[in-house]
Student: 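Before anything else, here's the structure in question.
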Amino acid sequence: MKNLKRFSVLTMLASVMVFGSACSGGEKSDVTASGNNESQNQLEGSVVIDGSGTVYPFMAKMAENYMTNEQENVSVEVSRAGTSAGFEKFLDKEGTDYNNASRQIKDEEKAKAEELGIEVKEMKVALDGITIVINKDNDWAKELTQQEVVDIFLASGGKKKWSDVRPDFPAEEIKTYGPNENHGTYEFMFEKILEEQPLVEGINLQQDYSTLVDLVSKDKNAIGFFGYGYYASNKDKLTAVNVDFGNGPVEPSLDTIKEDGDYAPFTRPVFTYLNVNHAKDKPEVLDYAIYTMENAQNVAKETGFAPLSDEDTKGTLEELNELK
């Protein structure tokens with residue numbers, strides 16, 4: 001059926017070209033050129049992506065759009081092992097084409113890439129805000145200071161009950177939740193927000209973000225953290241804590257999540273990393289990279305991320321086009 005469909009389309013184009021020839025030589029030239037360009041731009045093959053669970057919704061939507069609207073004969077597979085686990089799959093002789101990451105590549109990962117002869121291209125795709133979430137029935141902790149958030153998740157914070165945070169809070173045990181060590185979100189929390197001090201003993205760490213949403217939504221005394229996008233798609237189940245960084249409580253949103261904005265202390269860029277060797281060998285891999293940066297701002301907004309500036313996307317696009 002597919003061959004028959006293509007034959008019908010070619011027949012229709014041939015008819016248009018004959019009609020154009022009868023009317024005008026110029027029109028014939030335009031149609032012929034357009035047909036050739038369309039043929040040259042049709043790609044086949046596969047693109048394999050793994051990594052960050054935080055970046056997953058962004059990249060899954062991007063892949064869907066690409067396969068539907070751009071290259072129907074290219075298969076884009078997106079998985080979510082987590083940033084660190086994804087880098088292990090990416091940094092292999094038979095590795096993935098891309099690794100999504102909610103943190104930057106580490107020095108030891110760069111060294112592994114160099115050892116394997118893999119040229120890596122960092123692509124900053126959006127901005128995310130670490131969002132502190134509580135149960136819908138929690139009506140006492142809707143606003144917390146940055147230090148209170150830190151103390152709740154810090155082993156040395158000494159906040160075992162909500163009343164340890166503030167005397168007027170309930171004398172109930174705090175239940176803490178978050179993503180496990182496979183995720184860049186865990187590493188950002190540990191390294192940037194907690195300044196590499198141990199997380200509170202007994203914190204419930206999970207691989208799957210949907211599991212975290214479910215656990216917090218069912219526990220009145222729960223408090224957890226993950227990327228803004230997972231909160232944005234579960235507002236009916238969770239409440240986001242407004243964090244006071246010193247100038248009054250700030251609600252995480254696409255307007256406040258900026259590297260120089262009101263929510264800056266809990267804001268971070270998110271990335272995908274491209275295997276340049278694969279991009280040079282497989283046109284579909286490079287084409288997908290270019291498509292991603294051309295559409296990053298719109299897809300970010302659709303999937304709970306703050307979009308990059310025009311300057312950020314333009315610079316990366318220029319570098320990718322140089323690989324052609």
Student: Measuring only between side-chain heavy atoms, which start at C-beta, is M293 closer than 4.5 Å to L320?
Tutor: yes
Student: Does any part of the side chain of I132, heavy atoms only, come nearer than 4.5 Å to the side chain of I223, both counted from C-beta?
Tutor: yes
Student: Kindly say whether Y228 contributes a backbone atom to a donor-acceptor pair with the side chain of D128 at under 3.5 angstrom?
Tutor: yes
Student: Apply the test side chain to side chain contact (heavy atoms under 4.5 Å, CB included) to residues D219 and L215: give CA-CA distance (whole Å), side-chain angles for both, the deciding distance (0.1 Å), then the verdict.
Tutor: CA-CA 6 Å; D219 189 340; L215 288 169; over 6 Å; no
Student: So, taking the atom named CD in Q206 and the one named NE2 in H183, what distance separates them when rounded to the nearest 0.5 Å?
Tutor: 9.5 Å
Student: Does E148 pair with K159 as a salt bridge, N-O distance under 4.0 Å?
Tutor: no
Student: Will you find, in the side chains of D262 and T256, an N or O donor that is under 3.5 Å from an N or O acceptor?
Tutor: no
Student: If we ignore hydrogens and angles and just use 3.5 Å, is the side chain of R268 paired with the main-chain N or O of S102 as donor and acceptor?
Tutor: yes
Student: Out of curiosity, L317 CG to D312 CG, how far, rounded to the nearest 0.5 Å?
Tutor: 11.0 Å
Student: Whether the side chain of K136 engages the backbone of K235 through a donor-acceptor N/O pair (distance < 3.5 Å, no angle test) should be reported.
Tutor: yes
Student: Checking side-chain polar atoms at under 3.5 Å, does E122 have a donor or acceptor matched by the opposite partner on Y273?
Tutor: yes
Student: Salt-bridge test for K124 and E259: reply yes if a basic N is under 4.0 Å from a carboxylate O, no otherwise.
Tutor: yes
Student: With side chain to side chain contact (heavy atoms under 4.5 Å, CB included) as the test, would you mind laying out the steps for I174 and V165 before giving the verdict?
Tutor: CA-CA 10 Å; I174 301 172; V165 180; 3.9 Å; yes
Student: Count the heavy atoms of every other residue, nucleotide or ligand shown that sit under 6.0 Å from CD of E181, and state whether that count exceeds 12.
Tutor: yes
Student: Whether the N180 and Q207 side chains hold a donor-acceptor pair (N or O, under 3.5 Å, no angle test) is what I'd like checked.
Tutor: yes
Student: Roughly how far, to the nearest 0.5 Å, is CG of L91 from CD of E109?
Tutor: 6.5 Å
Student: Would you call T239 and D139 a side-chain contact if the rule is heavy atoms closer than 4.5 Å?
Tutor: no
Student: If only side-chain N and O atoms count, and only distance matters, is there a donor-acceptor pair under 3.5 Å linking T54 with Y230?
Tutor: no
Student: Hey, are D151 and Q147 close enough side-chain-wise for a donor-acceptor pair under 3.5 Å?
Tutor: yes
Student: Does D164 reach the main-chain N or O of K161 with its side chain, forming a donor-acceptor pair under 3.5 Å?
Tutor: yes
Student: Is it possible for you to check whether R103 lies under 6.0 Å from the centre of the six-membered ring of F188, through NZ or CZ, and within 45° of that ring's axis?
Tutor: no
Student: Could you check whether Y288 and Y98 have their ring centres less than 6.0 Å apart?
Tutor: yes
Student: Hey, is the main chain of G248 close enough, under 3.5 Å, to the side chain of D244 for a donor-acceptor pair?
Tutor: yes
Student: Angle between ring planes, Y186 versus F190, binned at 30° and 60°: parallel, tilted or perpendicular?
Tutor: parallel
Student: Side chains of V76 and S46: does their closest heavy-atom pair fall under 4.5 Å?
Tutor: no
Student: Would you call K89-D50 a salt bridge at under 4.0 Å N-O?
Tutor: yes
Student: Do the two ring centres, one from F225 and one from F153, sit under 6.0 Å apart?
Tutor: yes
Student: Would F245 and F266 count as a close aromatic pair, with their ring centres under 6.0 Å?
Tutor: yes
Student: Calculate, to the nearest 0.5 Å, the distance between atoms CG and OG1 belonging to L308 and T316 respectively.
Tutor: 8.0 Å
Student: Is it true that E187 and K106 make a salt bridge, defined as a side-chain N closer than 4.0 Å to a carboxylate O?
Tutor: yes
Student: Mind running side-chain hydrogen bond (donor to acceptor under 3.5 Å, both in side chains) on N41 and Q71 for me, showing each step along the way?
Tutor: CA-CA 9 Å; N41 289 333; Q71 296 290 348; over 6 Å; no
Student: Looking only at atom types and distance, does a side-chain atom of N234 sit under 3.5 Å from a main-chain N or O of K237, one as donor and one as acceptor?
Tutor: no
Student: Please check: side-chain N/O of E251 versus main-chain N/O of A240, any donor-acceptor pairing under 3.5 Å?
Tutor: no
Student: With distance as the sole test, does D97 use its side chain to make a donor-acceptor pair with the main-chain N or O of I49 at under 3.5 Å?
Tutor: no
Student: Show your working on side chain to side chain contact (heavy atoms under 4.5 Å, CB included) between K324 and I290 and close with a plain yes or no.
Tutor: CA-CA 10 Å; K324 288 182 177 180; I290 293 170; 3.5 Å; yes
Student: Nearest 0.5 Å, please: how far is CG in L127 from CG in L254?
Tutor: 10.0 Å
Student: I'd like to know whether D287 forms a side-chain hydrogen bond (donor to acceptor under 3.5 Å, both in side chains) with Y66, so could you lay out the CA-CA distance, the side-chain angles of the two residues, the decisive distance to 0.1 Å, and finally the verdict.
Tutor: CA-CA 10 Å; D287 189 67; Y66 181 79; 2.6 Å; yes
Student: Does a donor on one side chain and an acceptor on the other come within less than 3.5 Å for T185 and Y209?
Tutor: yes
Student: Picking from M62, K61, M67, what satisfies side-chain contact (heavy atoms from CB on, under 4.5 Å) with N65?
Tutor: K61
Student: Any side-chain donor paired with an acceptor under 3.5 Å for N73 and E284?
Tutor: no
Student: When you look at CG of D281, are more than 12 heavy atoms from neighbouring residues, nucleotides or ligands closer to it than 6.0 Å?
Tutor: yes
Student: As an exercise, state the distance from CE of M189 to CG of L199, rounded to the nearest 0.5 Å.
Tutor: 6.5 Å
